[in-house]
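Here's the structure we're looking at; comments come further down.
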Amino acid sequence: MTTRRPRRIPPRTLALAGAAWLLAAVFLLPYLEMVVTALRPADELRDATYLPRHFVWSGFTGVWRDSTLGGNLRVTLLVAGGSTLLALLVALPAAYYTARVRYRGRRLFLLLVLVTQMFQPTSLLVGLYREFYQLDMLNSVWTLILCNAAFNLAFTVWILTAYISSIPVELEEAAMLDGLGRLGTLRRVVLPLALPGVVTAVIFTFISAWNEFVMGLTLSTDPGSQPLTVGINSFIGNYTVQWNYLFAGSVVAIVPVVVLFALIERHVVSGLTAGSVK
C-alpha cells in the first residue's frame, strides 16, 4: 500500500497568501478599533490601552435612546432603496436602447454620460437648494431620493450598456421569432442574462446613496428627516465629542451595507467584468 505524500505548497503561493492576510488585517483594524471603542465605558475612552477593562453595551443602547438615530436610519434606508430603484428603472431602458440601436450621436451620448460623472454634488448645491426651496420640498425624503438617483444615473446607464452589449443579439432575435415583443424580450431574456450587471449597478448605487452626506446636510435641516451620515455627525460638538455614541452609530451604519455586499458579492465580481470580453 502506497502512502500519498502531502502536497507541497509553493513558496510563492504562501507569500501571496501571507501578503493578502496582512493587507486584510490592515484594512480591518480600523473597524475593529471602532467596535472596541463603541464598547468602552465612558470613563475609559481616554485610556491608552487597546482593550478596555470591561465591555459595556451602553453606547449602543444609549445612542438609540438619546438621539434621532432610529429615524435617521429609516430615512437612509428609504433614500438608498428609493434612489436605487428609481435609477434602475430609468437606466435599464436607456441602456438597452443604447446597447442595441446604433443611432446617430450614440458615442456622443455615452461620452456625455461619462462626463456627468465629473460633476460633484457640492458644485450644484446652491442651485439645488434654491430649486427645492421654491418647490417647498426641503426636509423631504423624496428630495434626497431624486438627487441621489440623478447623480448615480450616469454610472448605472454606463455599466448596464456595457453588460447588455456583451449579450448576443441572436438570443433576442430567437425570442422575437417566438412571438415576444421588445418589452417581453427585455423582461424574459435580457434581464436574466444581465443580472450580474444589474446587481453591480444596484450595489454601487445603493452604497453611494447610503454614504451621501453633503446633500443630506444641505437639503435637510430637520434632525428627524436627515440621513444617517448627518445624524452621526451630530455627535461631534463644538467642544466635546461623544466618542462612544459616534462609534456605535458608525457600526450601525456599516452593518447593513456589509451584509448586503456579502449576500451578492459573487454577482458583483462577475458584473465588474461586464463587456470586457465579447
Side-chain angles (χ1 to χ4, degrees), residues 75-125 127-129 131-132 135 137-138 140-167 169 172 180-212 214-216 218-220 227 257 260-261 264 267-268 270-272 274-275:
V75 170
T76 299
L77 287 171
L78 291 174
V79 170
S83 58
T84 301
L85 180 61
L86 180 59
L88 198 63
L89 289 176
V90 177
L92 264 174
Y96 178 71
Y97 186 84
T98 305
R100 288 293 183 250
V101 180
R102 295 297 187 265
Y103 56 89
R104 181 177 298 179
R106 177 177 178 273
R107 290 182 179 274
L108 179 61
F109 171 74
L110 290 175
L111 179 61
L112 290 176
V113 167
L114 189 61
V115 168
T116 56
Q117 289 293 96
M118 302 179 185
F119 292 99
Q120 293 296 323
T122 51
S123 63
L124 305 174
L125 275 179
L128 287 173
Y129 183 87
E131 181 178 351
F132 286 114
L135 295 174
M137 291 183 63
L138 296 178
S140 172
V141 173
W142 289 108
T143 300
L144 297 179
I145 290 176
L146 289 173
C147 289
N148 281 282
F151 280 105
N152 288 285
L153 185 60
F155 172 81
T156 308
V157 170
W158 184 269
I159 194 170
L160 288 178
T161 299
Y163 202 92
I164 294 175
S165 297
S166 67
I167 299 175
V169 70
E172 297 180 46
L180 285 179
R182 280 287 182 183
L183 290 178
T185 302
L186 175 62
R187 182 170 59 90
R188 298 187 180 184
V189 178
V190 177
L191 280 182
L193 294 175
L195 183 60
V198 172
V199 171
T200 302
V202 165
I203 190 64
F204 276 93
T205 304
F206 187 89
I207 291 177
S208 177
W210 184 276
N211 294 329
E212 202 285 320
V214 177
M215 286 190 296
T218 305
L219 302 177
S220 297
V257 178
L260 176 64
F261 191 84
I264 60 178
H267 294 292
V268 175
S270 59
L272 286 175

Would you say that [X] contacts [Y] through its side chain, given a criterion of any heavy-atom pair below 4.5 Å between the two side chains?
X	Y	answer
Asn152	Ser83	no
Leu77	Trp210	yes
Phe151	Glu212	no
Arg100	Ile167	yes
Thr143	Leu138	no

Could you tell me which non-hydrogen atom of [X] sits nearest to which non-hydrogen atom of [Y], and how far apart they are?
X	Y	answer
Ala94	Val157	CB-CG2, 4.4 Å
Ala201	Thr156	CB-CG2, 3.9 Å
Ala209	Ala80	CB-CA, 3.8 Å
Phe132	Cys147	CE1-SG, 3.4 Å
Gly216	Leu144	CA-CD2, 3.9 Å
Ala95	Leu160	CB-CB, 3.5 Å

Return the [atom1] to [atom2] distance between [X] and [Y], rounded to the nearest 0.5 Å.
X	Y	atom1	atom2	value
Leu125	Leu219	CG	CG	6.5 Å
Thr185	Leu191	OG1	CG	11.0 Å
Leu92	Ile164	CG	CD1	6.0 Å
Leu124	Met215	CG	CE	9.5 Å

Run the side-chain contact (heavy atoms from CB on, under 4.5 Å) test against [X] and tell me which residues pass, sequence neighbours left out.
X	answer
Phe155	Gln117, Ile159, Phe204
Thr84	Val202, Thr205, Phe206
Val141	Val75, Leu78, Val79, Ile145

(request) Report yes or no: does Glu131 contribute a side-chain atom to a donor-acceptor pair with the main-chain N or O of Leu135 at less than 3.5 Å? (result)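 Checked: no pair found.
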